[in-house]
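Just follow the structure's listing: the first ligand is 1, and inside any ligand the first atom is 1.
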Amino acid sequence: MKSVSILGATGSIGTSTLDLVERDREAFRVVALTAQRDVAGLADAARRTGAELAVIGDPALYGALKDALSGSATEVAAGEDAVVEAASRGADWTMAAIVGTAGLLSTMAALRGGRTVALANKESLVSAGALMTDAAKRHGATLLPVDSEHNAVFQCFDHGAPGSIRKVTLTASGGPFRDWTLDAMRSVTPAQAVKHPNWSMGAKISVDSATLMNKGLELIEAFHLFPLEADQFDAIVHPQSVIHALVDYVDGSVLAHLGSPDMRTPIAHCLAWPHRMATPCQRLDLAAVGRLDFRAPDLERFPAFALAKDILAEGAGRAVILNAANEVAVGAFLDGRIGFLDIALIVRKALDRYDPGSPSCLEEVFAIDVEARAVARDAMETIGA
Ligand code: NAD
Ligand code: MG
């Protein structure tokens with residue numbers, strides 16, 4: 001039996017993970033579940049799975065969670081430190097599915113436990129990639145990529161002979177505005193931006209997919225996960241989301257990973273790794289799909305992707321700014337304070353105005369993150385938000 005913890009258990013990735021875990025009660029025992037504010041969702045999941053521990057991030061909701069779990073054997077805790085403690089509880093397998101750099105400390109805590117960490121929380125890797133992969137090495141932890149493209153690369157990559165690989169290509173659906181003009185994108189609403197054509201996801205990553213910042217973050221994520229040079233990673237728009245990534249070898253062979261767009265497939269790959277488990281995901285029917293299309297990303301209409309691509313060779317401090325400014329700008333867009341095209345504009349302004357060195361420890365990452373958020377908020381004021 002594998003013991004599992006899920007950080008961010010009430011989100012899109014968290015609930016997909018629970019769905020798989022709950023299908024096989026003999027195979028998995030739930031140690032800890034965490035959420036930020038969804039008391040009802042967390043308590044319900046804890047009761048269903050008999051979790052040892054349930055943690056709510058917002059300390060004001062401790063009483064509500066305690067009430068919701070009264071009479072159950074689940075231990076209850078609240079607050080940021082308690083989330084990190086939950087991550088250190090020694091589960092065999094931890095899903096890191098908190099959104100944003102808010103997940104960095106808990107993901108690090110799970111890695112320091114030296115077991116298996118399935119990583120969905122890409123923002124932590126973008127901000128602290130080298131520190132995280134170092135921690136995994138030092139503590140003997142296994143870091144498995146959940147992000148569908150990276151999970152696809154992981155499955156096609158010859159880990160014993162990275163020198164035989166010429167190039168890694170991530171695919172991007174292109175998001176809901178793939179064919180829109182810049183002018184039309186000016187008036188995009190949050191409701192339009194969170195409606196992804198192929199994948200069902202949390203609000204923040206849905207907006208990132210619509211700006212293509214998600215693909216930019218994913219290039220940086222890939223750079224930290226796979227031992228290749230920055231210029232060996234690229235992305236291509238593929239509207240059907242059937243191929244998730246391609247690995248191009250020196251002999252001309254190109255290995256691609258295909259599957260229906262359902263996150264339960266890469267999650268199951270991580271959950272069962274190094275074995276395989278069955279999932280209820282829809283089987284890929286290529287005859288029904290009919291055709292696969294590809295085109296290069298349009299850097300003019302999707303400047304966020306271009307910003308992230310440039311950062312790849314510019315050093316770790318720049319990636320922290322890119323990510324932090326993007327988190328601030330996406331939050332402001334979802335709150336209706338800035339327009340859709342302002343997101344990339346704010347990120348660019350933050351990058352122009354602030355240029356710290358590379359962080360050498362987590363404290364420095366957080367210091368740059370805090371400063372970058374302040375610079376991004378300042379930049380928002382200059383555009384009248
Ligand atoms: P989501 O918004 O649906 O869920 C986020 C989870 O994190 C929730 O459980 C929430 O309670 C928790 N959370 C939010 N803020 C928190 C905070 N400050 N402290 C502690 N917990 C907090 O997001 P999601 O779509 O499940 O995405 C989660 C992560 O996985 C993101 O980093 C995203 O980029 C990545 N990811 C998601 C998908 C997808 O299909 N949804 C695919 C690839 C990667
Ligand atoms: Mg992805």
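- Across the listed options Ser209, Gly202, Ala102, Gly202 owns the non-hydrogen atom lying nearest to atom 25 (O) of ligand 1.
- Within a 6.0 Å sphere centred on CD of Gln282, heavy atoms belonging to other residues, nucleotides or ligands number 12 at most.
- Between Met201 and ligand 1, not a single N/O pair is under 3.5 Å apart.
- At a threshold of 4.0 Å, the pair Lys122-Glu149 does not count as salt-bridged, since none of the basic side-chain nitrogens sits closer than that to a carboxylate oxygen.
- In this structure, CD in Glu327 is found 7.0 Å from OG in Ser127, a value given to the nearest 0.5 Å.
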(request) Check the pair Thr265 / Asn151 against side-chain contact (heavy atoms from CB on, under 4.5 Å), numbers first and verdict last. (result) CA-CA 9 Å; Thr265 294; Asn151 185 267; over 6 Å; no

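- Under the 30°/60° scheme for interplanar angles, the aromatic rings of Phe226 and Phe154 are found to be tilted.
- At the shortest separation from atom 9 (O) of ligand 1 among protein heavy atoms lies Thr10 OG1, 2.8 Å.
- For ligand 1, the polar-atom distance check against Thr34 finds no nitrogen or oxygen pair separated by under 3.5 Å.
- Checked for salt-bridge contact, Lys167 and Asp231 miss the test: no charged N lies under 4.0 Å from a carboxylate O.
- Here the N, O or S atom of Asp147 that is nearest to the Mg ion (ligand 2) is OD1.
- At a 4.0 Å cut-off, at least one heavy atom of Ala120 sits close enough to ligand 1 to count as contact.
- Close approach of ligand 1 to Ile13 (heavy-atom distance below 4.0 Å) involves ligand atoms 26 (O), 30 (O), 37 (C), 38 (C), 39 (C), 40 (O), 41 (N), 42 (C).
- Here Gln36 has heavy atoms under 4.0 Å from ligand 1 in both its backbone and its side chain.
- Considering backbone and side-chain atoms alike, Ser148 places every N or O at 3.5 Å or more from each N or O of ligand 1.
- Environment of CD in Glu80: sparse, with no more than 12 heavy atoms of neighbouring residues, nucleotides or ligands closer than 6.0 Å.
- Atom OE1 is the N, O or S atom of Glu149 at the shortest distance from the Mg ion (ligand 2).
- Set against the non-hydrogen atoms of Ala35, the atoms of ligand 1 under 4.0 Å away are 11 (O).
- Only the backbone of Ala9 comes within contact range of ligand 1, with a heavy atom under 4.0 Å; no side-chain atom does.
- Using a 4.0 Å cut-off between heavy atoms, Glu123 contacts ligand 1 through its side chain alone, with no backbone atom that close.
- Inclusion of Asp147 in the set of residues having an N or O under 3.5 Å from an N or O of ligand 1 is not warranted.
- Ring-plane geometry between His238 and Phe294 is classed as parallel, the angle between the planes falling under 30 degrees on a 0 to 90 degree scale with a further cut at 60.
- Contact atoms of ligand 1 toward Lys122: 32 (O), 34 (O), 44 (C) (distance under 4.0 Å to a heavy atom of the residue).
- Under the 30°/60° scheme for interplanar angles, the aromatic rings of His244 and His257 are found to be tilted.
- The pair Asp293-Arg291 meets the salt-bridge criterion, with a side-chain N (NZ, NE, NH1 or NH2) lying under 4.0 Å from an Asp/Glu carboxylate O.
- Considering backbone and side-chain atoms alike, Ala203 places every N or O at 3.5 Å or more from each N or O of ligand 1.
- Under the 4.5 Å side-chain heavy-atom criterion for Ile, Leu, Val, Met, Phe, Trp and Tyr, Ile321 and Val375 are members of the same hydrophobic cluster.
- In this structure, Ile98 is part of the shell of residues with a heavy atom less than 4.0 angstrom from ligand 1.
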